[in-house]
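Excluded from the calculations below are hydrogen atoms, water molecules and symmetry mates; all remaining heavy atoms, backbone and side chain alike, are included. None of these values were measured; they are calculated from a predicted model.
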Amino acid sequence: MGQSQCATREEIDVADLQEMYKKFVTECPSGALYRHEFKRFFGIASTNEASQYVDQLFTSFDRNGDNTIDFLEYVAALNLTLRGKLEHKLKWSFKIYDKDGNGCVDKRELREIIQSIYSVKKDWRREQEAPLLSPDEVCERIFQLMDENGDGQLSLQEFLEGAQRDTWLMKMLQLDTNPCTWIMEQRRKSALF
């Protein structure tokens, strides 16, 4: 997934598609990106606590469930994360948070993903001056702002509506859907070692 272009446009044109294919084939000569390669790309060890988050990302991109990401899935993932509509990005984020796939996100699921995200990005923060809330504090705040019916679970509707009415929630729940800067930083660090 060597996409380094961070521009946002409505559609992927033929030239973009050709460039993506070249990069995909270079990085995945077998024609498929396997889970362990995906983790290696993000600099995640299988035993690392961040592995859980990257597993969820991989599963969300593996649309046909064959435990690989083929070129079409790769393009779909890039299109969503770099150019997708807000509602589609939020629905994708919801699927990541809804680990058990029951259609609701509970506090345990939310806390686990937030903890994993923190682990992945522990050395990289966009807002260095802002104090970092703990995963428990983030989870509690999200539920206070979103759980309209107080049932301890977030439905897709509560998730979408809550994220769209509060900028802090939007930022927290989008899973950094434009991760170009973070990926480039991780690759730079990997090259140093």
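We find the CE-CD distance between Met146 and Glu148 to be 9.0 Å, quoted to the nearest 0.5 Å. Atom CG of Leu57 sits about 9.0 Å away from atom OG1 of Thr59, to the nearest 0.5 Å. Atom CD of Glu158 is separated from atom CZ of Phe143 by 8.5 Å, given to the nearest 0.5 angstrom. We find the OH-CD1 distance between Tyr97 and Ile114 to be 5.5 Å, quoted to the nearest 0.5 Å. Between the CD atom in Glu37 and the CD atom in Glu27 there is a gap of 9.5 Å [rounded to 0.5 Å]. Residue Glu109 holds its CD atom at 5.0 Å from CG of Asp98, rounded to the nearest 0.5 Å.
Residues Asp147 and Asn149 meet the side-chain proximity criterion, which asks for heavy atoms closer than 4.5 Å. Considering only heavy atoms from C-beta on, Lys99 comes within 4.5 Å of Ile113 through its side chain. Inter-residue side-chain proximity for Leu90 and Gln164 is flagged as met; some heavy-atom pair is nearer than 4.5 Å. Here the side chains of Phe61 and Leu33 are not in contact, with every heavy-atom distance at 4.5 Å or above. When side chains are defined from C-beta on, Leu160 counts as touching Leu156, because their heavy atoms get closer than 4.5 Å. A heavy-atom distance below 4.5 Å is not found between the side chains of Tyr34 and Cys28.
In terms of heavy atoms, Ser155 sits closest to Cys104 at CA-SG, 4.5 Å. The two residues Ser60 and Trp92 have their closest heavy-atom pair at OG-NE1, 2.8 Å.
Ion pair Glu112/Arg108 flagged as a salt bridge, since at least one NZ, NE, NH1 or NH2 atom sits closer than 4.0 Å to an Asp/Glu carboxylate oxygen. No salt bridge links Asp62 with Arg35; every basic N to acidic carboxylate O contact stays at or beyond 4.0 Å. Using a 4.0 Å cut-off between a side-chain N of Lys or Arg and a carboxylate O of Asp or Glu, Lys91 and Glu87 qualify as a salt bridge.
With a 6.0 Å radius and a threshold of 12 heavy atoms from other residues, nucleotides or ligands, Arg165 has its CZ atom above the threshold. Counting non-hydrogen atoms of other residues, nucleotides and ligands closer than 6.0 Å to NZ of Lys95 gives a total of 12 or fewer.
A tilted orientation is assigned to the rings of Phe24 and Tyr74, their planes being inclined by 30° to 60°.
By the ring-ring contact (aromatic ring centres under 6.0 Å, His included) test, Phe58 pairs with Phe38, sequence neighbours left out. In terms of the salt bridge (charged side-chain N to carboxylate O under 4.0 Å, His left out) criterion, residue partners of Asp136 (sequence neighbours excluded) are, by chain and number, Arg111.
Looking only at distances, no side-chain donor or acceptor of Gln144 sits under 3.5 Å from a matching main-chain atom of Cys139. At least one donor-acceptor pair under 3.5 Å links the side chain of Glu73 to the backbone N or O of Asp70.
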Inset, instruction - In sequence, state the C-alpha distance, the side-chain angles, and the governing distance for Asp55 and Lys39, and then conclude on side chain to side chain contact (heavy atoms under 4.5 Å, CB included). - result: CA-CA 8 Å; Asp55 278 335; Lys39 287 182 178 183; 2.9 Å; yes
Legend entry - Leu154 and Ile142: CA distance, side-chain angles, deciding distance, side chain to side chain contact (heavy atoms under 4.5 Å, CB included) verdict: CA-CA 10 Å; Leu154 301 176; Ile142 288 172; 4.0 Å; yes
Legend entry - Chi angles and distances behind the side chain to side chain contact (heavy atoms under 4.5 Å, CB included) call for Trp168, Leu145: CA-CA 10 Å; Trp168 181 84; Leu145 295 169; 4.1 Å; yes
